[in-house]
Number of protein chains: 2
Amino acid sequence: MTKAAGSVPAVSSLPSGPGPREAAGEGGRASRTDHVVAGIARLIIDGDLAPGDRLPVEKDLAARFDVSRGSLREAVRALAALGVVESRQGDGTYVTSLDPALLVGPLGLAVDLQAAGHGSHIHSVRRLLEVEAAGLAASRSRAPGADLSDAVAALEEAAAMAADAAMVADADFDHAAFLDLDLAFHRALGVASGNPVLAALIEALAGRTARHRLLRSATVAGVAQRTQAEHEAILTAVTDGDPERARVGMAAHLLAVEDFLRESE
Amino acid sequence: MTKAAGSVPAVSSLPSGPGPREAAGEGGRASRTDHVVAGIARLIIDGDLAPGDRLPVEKDLAARFDVSRGSLREAVRALAALGVVESRQGDGTYVTSLDPALLVGPLGLAVDLQAAGHGSHIHSVRRLLEVEAAGLAASRSRAPGADLSDAVAALEEAAAMAADAAMVADADFDHAAFLDLDLAFHRALGVASGNPVLAALIEALAGRTARHRLLRSATVAGVAQRTQAEHEAILTAVTDGDPERARVGMAAHLLAVEDFLRESE
DNA sequence: GGTGGTAATTCATCAGATGACTCAATAGGG
DNA sequence: CCCTATTGAGTCATCTGATGAATTACCACC
(Lines give C-alpha, C1' and ligand atoms only; values in the text may rest on other atoms or scores of the structure.)
Protein backbone atom coordinates (compact mmCIF):
# COMPACT_ATOMS: atom_id res chain seq x y z
CA MET A 1 0.00 0.00 0.00
CA THR A 2 1.62 3.23 -1.11
CA LYS A 3 1.65 6.30 1.07
CA ALA A 4 -1.09 7.82 -1.07
CA ALA A 5 0.95 10.97 -1.36
CA GLY A 6 0.15 11.61 -4.99
CA SER A 7 -3.50 12.45 -4.72
CA VAL A 8 -3.00 16.10 -5.45
CA PRO A 9 0.12 16.04 -7.54
CA ALA A 10 -0.90 18.80 -9.85
CA VAL A 11 -1.60 21.17 -7.02
CA SER A 12 1.49 20.42 -5.05
CA SER A 13 3.93 20.74 -7.87
CA LEU A 14 2.72 24.11 -8.99
CA PRO A 15 4.70 26.95 -7.51
CA SER A 16 8.22 25.87 -8.27
CA GLY A 17 9.77 22.80 -9.77
CA PRO A 18 9.53 19.60 -7.83
CA GLY A 19 8.50 20.28 -4.27
CA PRO A 20 9.97 18.60 -1.24
CA ARG A 21 7.31 15.89 -1.39
CA GLU A 22 6.53 13.66 -4.34
CA ALA A 23 9.66 15.02 -5.91
CA ALA A 24 10.63 12.65 -8.62
CA GLY A 25 10.35 8.91 -7.96
CA GLU A 26 6.97 7.73 -6.69
CA GLY A 27 4.19 6.52 -8.86
CA GLY A 28 1.94 9.56 -9.22
CA ARG A 29 2.26 10.09 -12.96
CA ALA A 30 0.10 13.10 -13.79
CA SER A 31 -3.04 12.39 -15.77
CA ARG A 32 -4.37 14.50 -18.60
CA THR A 33 -6.89 16.05 -16.25
CA ASP A 34 -4.20 16.93 -13.71
CA HIS A 35 -2.36 18.86 -16.36
CA VAL A 36 -5.48 20.84 -17.12
CA VAL A 37 -5.97 21.62 -13.43
CA ALA A 38 -2.41 22.85 -13.21
CA GLY A 39 -2.79 24.79 -16.44
CA ILE A 40 -5.88 26.67 -15.34
CA ALA A 41 -4.38 27.34 -11.92
CA ARG A 42 -1.34 28.77 -13.60
CA LEU A 43 -3.50 31.05 -15.72
CA ILE A 44 -4.82 32.52 -12.50
CA ILE A 45 -1.45 32.71 -10.76
CA ASP A 46 0.12 34.41 -13.75
CA GLY A 47 -2.67 36.93 -13.84
CA ASP A 48 -4.13 35.86 -17.17
CA LEU A 49 -7.34 35.18 -15.29
CA ALA A 50 -8.38 37.50 -12.48
CA PRO A 51 -11.06 36.97 -9.82
CA GLY A 52 -14.49 37.38 -11.39
CA ASP A 53 -13.19 36.71 -14.88
CA ARG A 54 -15.04 34.31 -17.08
CA LEU A 55 -13.25 31.27 -18.44
CA PRO A 56 -13.40 30.38 -22.14
CA VAL A 57 -16.19 28.01 -23.08
CA GLU A 58 -15.61 24.33 -22.52
CA LYS A 59 -15.05 23.58 -26.19
CA ASP A 60 -12.31 26.19 -26.52
CA LEU A 61 -10.64 25.26 -23.25
CA ALA A 62 -10.67 21.60 -24.20
CA ALA A 63 -9.05 22.46 -27.51
CA ARG A 64 -6.47 24.68 -25.83
CA PHE A 65 -5.33 21.89 -23.53
CA ASP A 66 -5.84 19.24 -26.18
CA VAL A 67 -8.22 17.09 -24.15
CA SER A 68 -11.79 15.97 -24.59
CA ARG A 69 -14.64 17.90 -23.05
CA GLY A 70 -15.10 15.15 -20.50
CA SER A 71 -11.59 15.42 -19.17
CA LEU A 72 -11.79 19.18 -19.16
CA ARG A 73 -14.99 19.07 -17.14
CA GLU A 74 -13.33 16.82 -14.58
CA ALA A 75 -10.57 19.37 -14.15
CA VAL A 76 -13.02 22.24 -13.79
CA ARG A 77 -15.01 20.23 -11.28
CA ALA A 78 -11.86 19.65 -9.24
CA LEU A 79 -11.11 23.37 -9.18
CA ALA A 80 -14.72 24.07 -8.27
CA ALA A 81 -14.39 21.73 -5.29
CA LEU A 82 -11.36 23.73 -4.20
CA GLY A 83 -13.36 26.95 -4.38
CA VAL A 84 -11.28 28.39 -7.19
CA VAL A 85 -13.86 28.46 -9.95
CA GLU A 86 -17.63 28.31 -10.12
CA SER A 87 -19.74 27.02 -13.00
CA ARG A 88 -23.19 28.41 -13.70
CA GLN A 89 -25.37 26.48 -16.07
CA GLY A 90 -26.47 28.48 -19.08
CA ASP A 91 -24.06 31.25 -18.22
CA GLY A 92 -20.43 30.24 -17.97
CA THR A 93 -17.60 29.36 -15.62
CA TYR A 94 -16.04 32.11 -13.55
CA VAL A 95 -13.04 32.55 -11.28
CA THR A 96 -14.32 33.10 -7.75
CA SER A 97 -13.36 36.04 -5.58
CA LEU A 98 -10.53 33.89 -4.20
CA ASP A 99 -11.32 35.19 -0.75
CA PRO A 100 -9.70 33.20 2.05
CA ALA A 101 -13.14 32.32 3.35
CA LEU A 102 -13.89 30.50 0.10
CA LEU A 103 -10.56 28.79 -0.32
CA VAL A 104 -10.48 27.27 3.15
CA GLY A 105 -13.85 25.67 2.51
CA PRO A 106 -12.28 22.29 1.75
CA LEU A 107 -10.71 22.34 5.19
CA GLY A 108 -14.17 22.12 6.67
CA LEU A 109 -14.73 18.79 4.99
CA ALA A 110 -11.32 17.66 6.16
CA VAL A 111 -12.30 18.45 9.73
CA ASP A 112 -15.50 16.48 9.36
CA LEU A 113 -13.74 13.49 7.93
CA GLN A 114 -11.19 12.86 10.63
CA ALA A 115 -12.45 14.75 13.59
CA ALA A 116 -12.79 11.44 15.35
CA GLY A 117 -9.09 10.75 15.14
CA HIS A 118 -7.52 14.13 15.74
CA GLY A 119 -10.31 15.88 17.56
CA SER A 120 -8.18 17.11 20.43
CA HIS A 121 -5.44 18.31 18.10
CA ILE A 122 -7.91 20.25 16.03
CA HIS A 123 -9.30 21.85 19.15
CA SER A 124 -5.86 22.85 20.33
CA VAL A 125 -5.20 24.67 17.10
CA ARG A 126 -8.61 26.24 17.20
CA ARG A 127 -7.93 27.53 20.68
CA LEU A 128 -4.61 28.96 19.60
CA LEU A 129 -6.21 30.78 16.69
CA GLU A 130 -9.19 32.08 18.60
CA VAL A 131 -7.14 33.36 21.51
CA GLU A 132 -5.01 35.32 19.07
CA ALA A 133 -8.12 36.62 17.31
CA ALA A 134 -9.61 37.79 20.59
CA GLY A 135 -6.39 39.57 21.49
CA LEU A 136 -6.14 41.25 18.10
CA ALA A 137 -9.77 42.29 18.19
CA ALA A 138 -9.23 43.90 21.57
CA SER A 139 -6.11 45.67 20.38
CA ARG A 140 -7.88 47.33 17.52
CA SER A 141 -11.30 47.72 19.06
CA ARG A 142 -10.92 51.49 19.12
CA ALA A 143 -9.19 51.75 15.80
CA PRO A 144 -11.12 52.99 12.78
CA GLY A 145 -12.72 50.23 10.80
CA ALA A 146 -13.25 47.99 13.78
CA ASP A 147 -16.72 46.54 13.72
CA LEU A 148 -18.00 44.52 16.64
CA SER A 149 -21.67 44.93 15.79
CA ASP A 150 -22.00 41.32 14.62
CA ALA A 151 -20.58 40.00 17.84
CA VAL A 152 -22.79 42.29 19.89
CA ALA A 153 -25.86 41.29 17.92
CA ALA A 154 -25.22 37.58 18.34
CA LEU A 155 -24.62 38.01 22.02
CA GLU A 156 -27.76 40.06 22.59
CA GLU A 157 -29.90 37.57 20.77
CA ALA A 158 -28.36 34.76 22.79
CA ALA A 159 -28.96 36.73 25.98
CA ALA A 160 -32.64 36.91 25.17
CA MET A 161 -32.74 33.16 24.69
CA ALA A 162 -30.84 32.50 27.88
CA ALA A 163 -33.27 34.70 29.80
CA ASP A 164 -36.22 32.76 28.44
CA ALA A 165 -34.53 29.51 29.27
CA ALA A 166 -35.38 29.98 32.92
CA MET A 167 -39.04 29.99 32.08
CA VAL A 168 -39.46 27.22 29.56
CA ALA A 169 -38.95 23.52 30.06
CA ASP A 170 -35.49 22.37 29.14
CA ALA A 171 -36.89 20.21 26.37
CA ASP A 172 -38.42 23.27 24.75
CA PHE A 173 -35.16 25.20 24.69
CA ASP A 174 -33.82 25.47 21.17
CA HIS A 175 -30.30 24.23 21.72
CA ALA A 176 -29.49 24.20 18.04
CA ALA A 177 -30.41 27.85 17.62
CA PHE A 178 -28.40 28.80 20.68
CA LEU A 179 -25.42 26.91 19.36
CA ASP A 180 -25.69 28.74 16.05
CA LEU A 181 -25.53 32.03 17.91
CA ASP A 182 -22.55 30.68 19.81
CA LEU A 183 -20.73 29.96 16.58
CA ALA A 184 -21.80 33.30 15.14
CA PHE A 185 -20.18 35.06 18.08
CA HIS A 186 -16.90 33.25 17.61
CA ARG A 187 -17.02 33.93 13.87
CA ALA A 188 -17.67 37.61 14.41
CA LEU A 189 -14.73 37.83 16.76
CA GLY A 190 -12.55 36.18 14.16
CA VAL A 191 -13.55 38.77 11.59
CA ALA A 192 -12.97 41.51 14.13
CA SER A 193 -9.37 40.41 14.42
CA GLY A 194 -8.77 42.20 11.14
CA ASN A 195 -6.98 39.22 9.63
CA PRO A 196 -9.21 37.51 7.06
CA VAL A 197 -6.94 34.48 6.86
CA LEU A 198 -7.19 33.99 10.59
CA ALA A 199 -10.95 34.45 10.42
CA ALA A 200 -11.27 31.90 7.63
CA LEU A 201 -9.27 29.27 9.47
CA ILE A 202 -11.32 29.78 12.61
CA GLU A 203 -14.48 29.47 10.58
CA ALA A 204 -13.28 26.18 9.14
CA LEU A 205 -12.16 24.68 12.44
CA ALA A 206 -14.75 26.05 14.82
CA GLY A 207 -18.06 24.84 13.57
CA ARG A 208 -18.84 21.48 12.07
CA THR A 209 -17.51 18.71 14.21
CA ALA A 210 -18.05 20.42 17.50
CA ARG A 211 -21.62 20.96 16.51
CA HIS A 212 -22.88 17.40 16.79
CA ARG A 213 -21.03 16.61 19.94
CA LEU A 214 -21.94 19.87 21.60
CA LEU A 215 -25.56 19.38 20.73
CA ARG A 216 -25.59 16.20 22.75
CA SER A 217 -23.96 17.66 25.79
CA ALA A 218 -25.72 20.97 25.54
CA THR A 219 -28.77 19.57 27.18
CA VAL A 220 -27.06 19.78 30.54
CA ALA A 221 -28.72 22.43 32.66
CA GLY A 222 -26.99 25.75 33.11
CA VAL A 223 -24.67 25.40 30.16
CA ALA A 224 -26.38 28.13 28.19
CA GLN A 225 -26.10 30.59 31.05
CA ARG A 226 -22.48 29.75 31.67
CA THR A 227 -21.57 30.04 28.00
CA GLN A 228 -23.38 33.34 27.83
CA ALA A 229 -21.51 34.70 30.83
CA GLU A 230 -18.13 33.70 29.41
CA HIS A 231 -18.96 35.24 26.06
CA GLU A 232 -20.00 38.47 27.70
CA ALA A 233 -16.78 38.62 29.68
CA ILE A 234 -14.79 38.20 26.49
CA LEU A 235 -16.73 40.84 24.60
CA THR A 236 -16.38 43.30 27.46
CA ALA A 237 -12.63 42.84 27.46
CA VAL A 238 -12.54 43.33 23.70
CA THR A 239 -14.63 46.50 23.70
CA ASP A 240 -12.58 47.82 26.59
CA GLY A 241 -9.47 47.34 24.48
CA ASP A 242 -7.91 44.95 26.97
CA PRO A 243 -6.11 42.26 24.93
CA GLU A 244 -4.78 40.41 27.93
CA ARG A 245 -8.20 39.90 29.48
CA ALA A 246 -9.65 39.00 26.09
CA ARG A 247 -7.00 36.34 25.53
CA VAL A 248 -7.36 34.81 28.94
CA GLY A 249 -11.12 34.90 28.72
CA MET A 250 -11.17 33.17 25.38
CA ALA A 251 -8.61 30.59 26.44
CA ALA A 252 -10.57 29.75 29.57
CA HIS A 253 -13.79 29.53 27.64
CA LEU A 254 -12.40 27.17 25.01
CA LEU A 255 -10.65 25.03 27.60
CA ALA A 256 -13.97 24.66 29.37
CA VAL A 257 -15.53 23.55 26.11
CA GLU A 258 -12.76 21.01 25.62
CA ASP A 259 -13.29 19.63 29.11
CA PHE A 260 -16.94 19.33 28.31
CA LEU A 261 -16.26 17.40 25.14
CA ARG A 262 -13.80 15.11 26.86
CA GLU A 263 -16.29 14.23 29.58
CA SER A 264 -19.08 13.46 27.16
CA GLU A 265 -17.04 10.92 25.25
CA MET B 1 -21.99 39.73 -8.43
CA THR B 2 -23.23 37.03 -6.17
CA LYS B 3 -21.33 36.12 -3.06
CA ALA B 4 -20.15 32.97 -4.79
CA ALA B 5 -20.92 31.07 -1.64
CA GLY B 6 -22.27 28.05 -3.43
CA SER B 7 -19.07 26.72 -4.88
CA VAL B 8 -18.81 23.90 -2.39
CA PRO B 9 -22.41 23.47 -1.39
CA ALA B 10 -22.27 19.75 -1.04
CA VAL B 11 -19.37 19.91 1.33
CA SER B 12 -20.69 22.67 3.50
CA SER B 13 -24.11 21.16 4.06
CA LEU B 14 -22.82 17.84 5.20
CA PRO B 15 -22.49 17.55 8.95
CA SER B 16 -25.88 18.75 10.04
CA GLY B 17 -28.89 20.02 8.20
CA PRO B 18 -28.65 23.46 6.68
CA GLY B 19 -25.63 25.28 8.02
CA PRO B 20 -25.52 28.93 8.89
CA ARG B 21 -24.47 29.81 5.38
CA GLU B 22 -26.28 28.96 2.15
CA ALA B 23 -29.18 27.79 4.26
CA ALA B 24 -32.18 27.68 1.99
CA GLY B 25 -32.67 30.57 -0.42
CA GLU B 26 -29.66 31.37 -2.62
CA GLY B 27 -29.16 30.02 -6.07
CA GLY B 28 -26.79 27.14 -5.44
CA ARG B 29 -29.08 24.29 -6.43
CA ALA B 30 -27.05 21.15 -6.00
CA SER B 31 -26.11 19.34 -9.19
CA ARG B 32 -26.19 15.60 -9.69
CA THR B 33 -22.44 15.47 -9.21
CA ASP B 34 -22.65 17.43 -5.96
CA HIS B 35 -25.02 14.84 -4.59
CA VAL B 36 -22.58 12.11 -5.40
CA VAL B 37 -19.74 13.98 -3.70
CA ALA B 38 -21.87 14.40 -0.62
CA GLY B 39 -22.94 10.78 -0.79
CA ILE B 40 -19.43 9.38 -0.94
CA ALA B 41 -18.28 11.75 1.79
CA ARG B 42 -21.12 10.54 3.96
CA LEU B 43 -20.12 6.94 3.38
CA ILE B 44 -16.74 7.82 4.86
CA ILE B 45 -18.12 9.89 7.72
CA ASP B 46 -20.57 7.17 8.66
CA GLY B 47 -17.80 4.62 8.66
CA ASP B 48 -19.09 2.58 5.74
CA LEU B 49 -15.79 3.38 4.06
CA ALA B 50 -12.62 3.47 6.14
CA PRO B 51 -9.19 4.85 5.20
CA GLY B 52 -7.52 2.46 2.79
CA ASP B 53 -10.79 0.88 1.73
CA ARG B 54 -11.49 0.40 -1.91
CA LEU B 55 -14.53 2.01 -3.47
CA PRO B 56 -16.91 0.01 -5.65
CA VAL B 57 -16.12 0.09 -9.35
CA GLU B 58 -17.32 3.07 -11.31
CA LYS B 59 -20.18 1.21 -12.94
CA ASP B 60 -21.62 0.07 -9.62
CA LEU B 61 -21.14 3.42 -7.93
CA ALA B 62 -22.80 5.17 -10.83
CA ALA B 63 -25.74 2.82 -10.58
CA ARG B 64 -25.95 3.27 -6.82
CA PHE B 65 -26.26 7.06 -7.13
CA ASP B 66 -28.28 6.81 -10.33
CA VAL B 67 -25.95 8.92 -12.44
CA SER B 68 -23.91 8.30 -15.54
CA ARG B 69 -20.31 7.24 -15.32
CA GLY B 70 -19.22 10.69 -16.49
CA SER B 71 -20.95 12.46 -13.64
CA LEU B 72 -19.65 9.93 -11.17
CA ARG B 73 -16.11 10.44 -12.38
CA GLU B 74 -16.46 14.20 -11.92
CA ALA B 75 -17.46 13.62 -8.33
CA VAL B 76 -14.57 11.25 -7.70
CA ARG B 77 -12.19 13.71 -9.30
CA ALA B 78 -13.44 16.44 -6.97
CA LEU B 79 -12.84 14.25 -3.94
CA ALA B 80 -9.43 13.33 -5.28
CA ALA B 81 -8.56 17.03 -5.51
CA LEU B 82 -9.52 17.36 -1.87
CA GLY B 83 -7.20 14.51 -0.95
CA VAL B 84 -10.02 12.27 0.19
CA VAL B 85 -9.77 9.52 -2.42
CA GLU B 86 -7.17 8.36 -4.88
CA SER B 87 -7.73 6.57 -8.19
CA ARG B 88 -5.21 4.14 -9.61
CA GLN B 89 -5.63 3.10 -13.21
CA GLY B 90 -6.06 -0.59 -13.65
CA ASP B 91 -6.48 -1.10 -9.93
CA GLY B 92 -9.29 0.85 -8.36
CA THR B 93 -10.21 3.90 -6.30
CA TYR B 94 -9.28 4.00 -2.64
CA VAL B 95 -9.96 6.15 0.38
CA THR B 96 -6.71 7.86 1.38
CA SER B 97 -5.22 7.72 4.86
CA LEU B 98 -7.11 10.93 5.64
CA ASP B 99 -4.05 12.22 7.43
CA PRO B 100 -4.13 15.94 8.17
CA ALA B 101 -1.05 16.38 6.00
CA LEU B 102 -3.01 15.11 3.00
CA LEU B 103 -6.24 16.94 3.65
CA VAL B 104 -4.65 20.36 4.04
CA GLY B 105 -3.03 19.97 0.64
CA PRO B 106 -5.66 22.12 -1.05
CA LEU B 107 -4.71 24.93 1.30
CA GLY B 108 -1.33 25.08 -0.38
CA LEU B 109 -2.95 25.93 -3.68
CA ALA B 110 -5.09 28.51 -1.92
CA VAL B 111 -1.97 30.16 -0.56
CA ASP B 112 -0.41 30.25 -3.98
CA LEU B 113 -3.48 31.77 -5.58
CA GLN B 114 -3.91 34.81 -3.42
CA ALA B 115 -0.59 35.28 -1.76
CA ALA B 116 -0.30 38.58 -3.53
CA GLY B 117 -3.39 39.95 -1.82
CA HIS B 118 -3.17 38.59 1.68
CA GLY B 119 0.51 37.88 1.93
CA SER B 120 1.05 39.70 5.20
CA HIS B 121 -2.02 38.13 6.76
CA ILE B 122 -0.86 34.67 5.81
CA HIS B 123 2.53 35.38 7.27
CA SER B 124 1.02 36.56 10.51
CA VAL B 125 -0.89 33.33 10.91
CA ARG B 126 2.17 31.34 9.96
CA ARG B 127 4.17 33.12 12.65
CA LEU B 128 1.50 32.44 15.22
CA LEU B 129 1.46 28.74 14.36
CA GLU B 130 5.22 28.32 14.22
CA VAL B 131 5.83 30.12 17.49
CA GLU B 132 3.38 27.80 19.17
CA ALA B 133 4.98 24.78 17.52
CA ALA B 134 8.43 25.83 18.74
CA GLY B 135 7.10 26.26 22.25
CA LEU B 136 5.39 22.90 22.23
CA ALA B 137 8.45 21.19 20.81
CA ALA B 138 10.58 22.64 23.58
CA SER B 139 8.08 21.60 26.23
CA ARG B 140 8.14 17.99 25.17
CA SER B 141 11.73 17.78 24.01
CA ARG B 142 12.59 15.46 26.88
CA ALA B 143 9.37 13.52 26.79
CA PRO B 144 9.37 10.03 25.32
CA GLY B 145 8.51 9.95 21.64
CA ALA B 146 10.02 13.32 20.97
CA ASP B 147 12.12 13.20 17.83
CA LEU B 148 14.25 16.15 16.82
CA SER B 149 16.55 14.20 14.56
CA ASP B 150 15.01 15.62 11.39
CA ALA B 151 15.52 19.16 12.60
CA VAL B 152 19.07 18.41 13.66
CA ALA B 153 19.86 16.77 10.34
CA ALA B 154 18.52 19.67 8.30
CA LEU B 155 20.43 22.12 10.41
CA GLU B 156 23.72 20.24 10.19
CA GLU B 157 23.45 19.96 6.45
CA ALA B 158 22.69 23.66 6.21
CA ALA B 159 25.64 24.40 8.47
CA ALA B 160 27.94 22.61 6.07
CA MET B 161 26.60 24.70 3.22
CA ALA B 162 26.94 27.92 5.14
CA ALA B 163 30.53 27.08 5.97
CA ASP B 164 31.32 26.50 2.34
CA ALA B 165 29.60 29.72 1.40
CA ALA B 166 32.56 31.68 2.65
CA MET B 167 34.79 29.97 0.15
CA VAL B 168 32.71 29.91 -3.01
CA ALA B 169 31.57 32.83 -5.06
CA ASP B 170 28.11 34.00 -4.16
CA ALA B 171 26.80 33.07 -7.57
CA ASP B 172 27.87 29.50 -7.01
CA PHE B 173 26.00 29.17 -3.75
CA ASP B 174 22.96 26.96 -4.17
CA HIS B 175 20.33 29.22 -2.69
CA ALA B 176 17.49 26.91 -3.68
CA ALA B 177 19.01 23.97 -1.85
CA PHE B 178 19.68 26.09 1.22
CA LEU B 179 16.09 27.32 1.19
CA ASP B 180 14.85 23.75 0.99
CA LEU B 181 16.85 22.94 4.11
CA ASP B 182 15.39 26.03 5.72
CA LEU B 183 11.88 24.81 5.02
CA ALA B 184 12.80 21.30 6.15
CA PHE B 185 13.92 22.69 9.49
CA HIS B 186 10.66 24.53 10.02
CA ARG B 187 8.69 21.46 8.96
CA ALA B 188 10.60 19.22 11.33
CA LEU B 189 9.90 21.60 14.18
CA GLY B 190 6.21 21.54 13.31
CA VAL B 191 6.19 17.77 13.49
CA ALA B 192 8.12 17.90 16.75
CA SER B 193 5.29 19.92 18.26
CA GLY B 194 3.42 16.65 18.58
CA ASN B 195 0.29 18.08 17.00
CA PRO B 196 -0.13 16.75 13.45
CA VAL B 197 -2.84 19.27 12.63
CA LEU B 198 -0.55 22.10 13.61
CA ALA B 199 2.26 20.54 11.60
CA ALA B 200 0.05 20.17 8.54
CA LEU B 201 -1.12 23.79 8.66
CA ILE B 202 2.45 25.01 9.00
CA GLU B 203 3.47 22.85 6.08
CA ALA B 204 0.72 24.37 3.95
CA LEU B 205 1.45 27.96 4.89
CA ALA B 206 5.22 27.95 5.24
CA GLY B 207 6.57 26.90 1.89
CA ARG B 208 5.16 27.82 -1.46
CA THR B 209 4.66 31.52 -1.69
CA ALA B 210 7.61 32.46 0.40
CA ARG B 211 9.79 30.35 -1.81
CA HIS B 212 9.80 32.53 -4.91
CA ARG B 213 10.13 35.77 -3.10
CA LEU B 214 12.76 34.51 -0.75
CA LEU B 215 14.77 33.12 -3.61
CA ARG B 216 15.07 36.61 -5.03
CA SER B 217 16.13 38.25 -1.83
CA ALA B 218 18.26 35.34 -0.69
CA THR B 219 21.09 36.50 -2.88
CA VAL B 220 21.93 39.21 -0.41
CA ALA B 221 25.21 38.46 1.28
CA GLY B 222 25.19 37.14 4.81
CA VAL B 223 21.61 36.01 4.80
CA ALA B 224 22.51 32.35 4.91
CA GLN B 225 24.77 32.82 7.91
CA ARG B 226 22.22 34.89 9.74
CA THR B 227 19.41 32.44 9.05
CA GLN B 228 21.63 29.62 10.20
CA ALA B 229 22.48 31.38 13.45
CA GLU B 230 18.83 32.06 14.22
CA HIS B 231 17.88 28.48 13.49
CA GLU B 232 20.61 27.18 15.75
CA ALA B 233 19.46 29.42 18.56
CA ILE B 234 15.94 28.09 18.22
CA LEU B 235 17.03 24.48 18.15
CA THR B 236 19.23 24.96 21.18
CA ALA B 237 16.31 26.39 23.12
CA VAL B 238 14.13 23.48 22.04
CA THR B 239 16.61 20.78 22.97
CA ASP B 240 17.24 22.55 26.27
CA GLY B 241 13.53 22.35 26.98
CA ASP B 242 13.18 26.11 27.22
CA PRO B 243 9.80 26.98 25.64
CA GLU B 244 10.10 30.68 26.34
CA ARG B 245 13.40 31.04 24.53
CA ALA B 246 12.14 28.85 21.70
CA ARG B 247 9.05 31.00 21.22
CA VAL B 248 10.92 34.25 21.28
CA GLY B 249 13.60 32.92 19.00
CA MET B 250 11.10 31.71 16.45
CA ALA B 251 9.08 34.92 16.61
CA ALA B 252 12.17 37.04 16.09
CA HIS B 253 13.31 34.86 13.24
CA LEU B 254 10.00 35.02 11.40
CA LEU B 255 9.62 38.73 11.99
CA ALA B 256 13.04 39.19 10.44
CA VAL B 257 11.89 37.19 7.44
CA GLU B 258 8.79 39.35 7.16
CA ASP B 259 10.87 42.50 7.26
CA PHE B 260 13.00 41.06 4.53
CA LEU B 261 10.00 40.31 2.35
CA ARG B 262 8.55 43.75 2.91
CA GLU B 263 11.76 45.46 1.87
CA SER B 264 12.14 43.46 -1.30
CA GLU B 265 8.71 44.42 -2.60
C1' DG C 1 8.55 -25.20 -7.80
C1' DG C 2 9.56 -21.13 -10.22
C1' DT C 3 8.75 -18.25 -14.30
C1' DG C 4 6.70 -16.15 -18.08
C1' DG C 5 2.79 -14.87 -20.67
C1' DT C 6 -2.01 -14.13 -21.18
C1' DA C 7 -6.72 -12.79 -19.95
C1' DA C 8 -9.85 -10.33 -17.00
C1' DT C 9 -10.66 -6.24 -14.43
C1' DT C 10 -10.54 -1.38 -13.80
C1' DC C 11 -9.67 3.35 -14.55
C1' DA C 12 -8.55 7.04 -18.45
C1' DT C 13 -10.03 9.20 -22.35
C1' DC C 14 -12.48 10.15 -26.35
C1' DA C 15 -16.70 11.19 -29.40
C1' DG C 16 -21.43 12.52 -30.27
C1' DA C 17 -26.00 13.94 -28.91
C1' DT C 18 -29.71 15.82 -26.08
C1' DG C 19 -31.68 18.51 -22.31
C1' DA C 20 -31.75 22.54 -19.06
C1' DC C 21 -30.79 26.98 -18.03
C1' DT C 22 -29.36 31.98 -18.66
C1' DC C 23 -29.15 36.07 -20.97
C1' DA C 24 -30.11 39.41 -24.44
C1' DA C 25 -32.33 40.99 -28.37
C1' DT C 26 -36.70 41.78 -30.28
C1' DA C 27 -41.49 42.45 -31.10
C1' DG C 28 -45.75 43.71 -29.07
C1' DG C 29 -48.90 46.29 -26.09
C1' DG C 30 -49.91 50.09 -22.98
C1' DC D 1 -41.99 56.50 -25.36
C1' DC D 2 -41.64 52.82 -21.89
C1' DC D 3 -42.48 48.40 -20.26
C1' DT D 4 -43.35 43.49 -20.87
C1' DA D 5 -43.45 38.98 -23.04
C1' DT D 6 -41.56 36.06 -26.49
C1' DT D 7 -38.01 34.12 -28.87
C1' DG D 8 -33.41 32.76 -30.03
C1' DA D 9 -28.46 31.93 -29.42
C1' DG D 10 -25.08 30.50 -26.28
C1' DT D 11 -23.43 27.60 -22.48
C1' DC D 12 -23.19 24.22 -19.00
C1' DA D 13 -25.28 19.45 -17.37
C1' DT D 14 -25.92 14.89 -18.35
C1' DC D 15 -26.31 10.62 -20.84
C1' DT D 16 -24.79 6.84 -23.99
C1' DG D 17 -21.38 4.01 -26.21
C1' DA D 18 -16.81 2.72 -27.40
C1' DT D 19 -11.66 2.36 -27.23
C1' DG D 20 -7.04 2.61 -24.95
C1' DA D 21 -3.85 1.87 -20.97
C1' DA D 22 -2.40 -0.07 -16.71
C1' DT D 23 -2.71 -3.43 -13.09
C1' DT D 24 -3.66 -7.84 -11.22
C1' DA D 25 -4.34 -12.71 -10.99
C1' DC D 26 -4.38 -16.87 -13.05
C1' DC D 27 -2.43 -20.62 -15.66
C1' DA D 28 0.42 -23.09 -18.73
C1' DC D 29 5.11 -24.13 -19.34
C1' DC D 30 9.80 -25.23 -18.25
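Chain letters run A, B, ... following the sequence lines, proteins first and then strands; every chain starts at 1.
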From A/E203 atom CD to A/L198 atom CG, the distance as rounded to the nearest 0.5 Å |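 It is 12.0 Å, given to the nearest 0.5 Å.
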Just checking A/G70: base, sugar-phosphate only, or nothing, at a heavy-atom cut-off of under 4.0 Å?
-> nothing
Validation row: [X], [Y] side chains within 4.5 angstrom (heavy atoms):
X: A/H35; Y: A/F65; answer: no
X: A/R64; Y: A/D60; answer: no
X: B/F185; Y: B/L181; answer: no
X: B/V84; Y: A/L113; answer: yes
X: B/V257; Y: B/H123; answer: yes
X: B/L102; Y: B/S97; answer: yes

Hey, where on DNA chain C does chain A first and last touch, going 5' to 3'? Cut-off is any atom under 4.0 Å from a heavy atom.
-> C/dT13 to C/dC23
For A/S71 and B/K59, take the nucleotide of DNA chain C holding the closest heavy atom to each; which residue's nucleotide lies nearer the 5' end?
->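 Here B/K59 is the residue nearer the 5' end.
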Judged by atom type as modelled, is there a donor-acceptor pair below 3.5 Å linking the side chain of B/S87 to the main-chain atoms of B/T93?
->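 Pair absent, no side-chain N/O of B/S87 close to backbone of B/T93.
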Does the B/T96 side chain pair with the main chain of B/V85, one donor and one acceptor, at a distance under 3.5 Å?
->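 No.
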Modelled atom types, side-chain donor and acceptor of B/S193 and B/N195, under 3.5 Å |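 Looking only at side-chain atoms, B/N195 and B/S193 do not form any donor-acceptor pair under 3.5 Å.
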Along DNA chain D, first and last positions that approach a heavy atom of chain B under 4.0 Å =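 The contacted stretch runs from D/dT14 to D/dT24.
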Tell me which residues in residues 62-69 of chain A put a heavy atom below 4.0 Å from DNA chain C, sorted by number, or none.
-> A/D66, A/V67, A/S68, A/R69
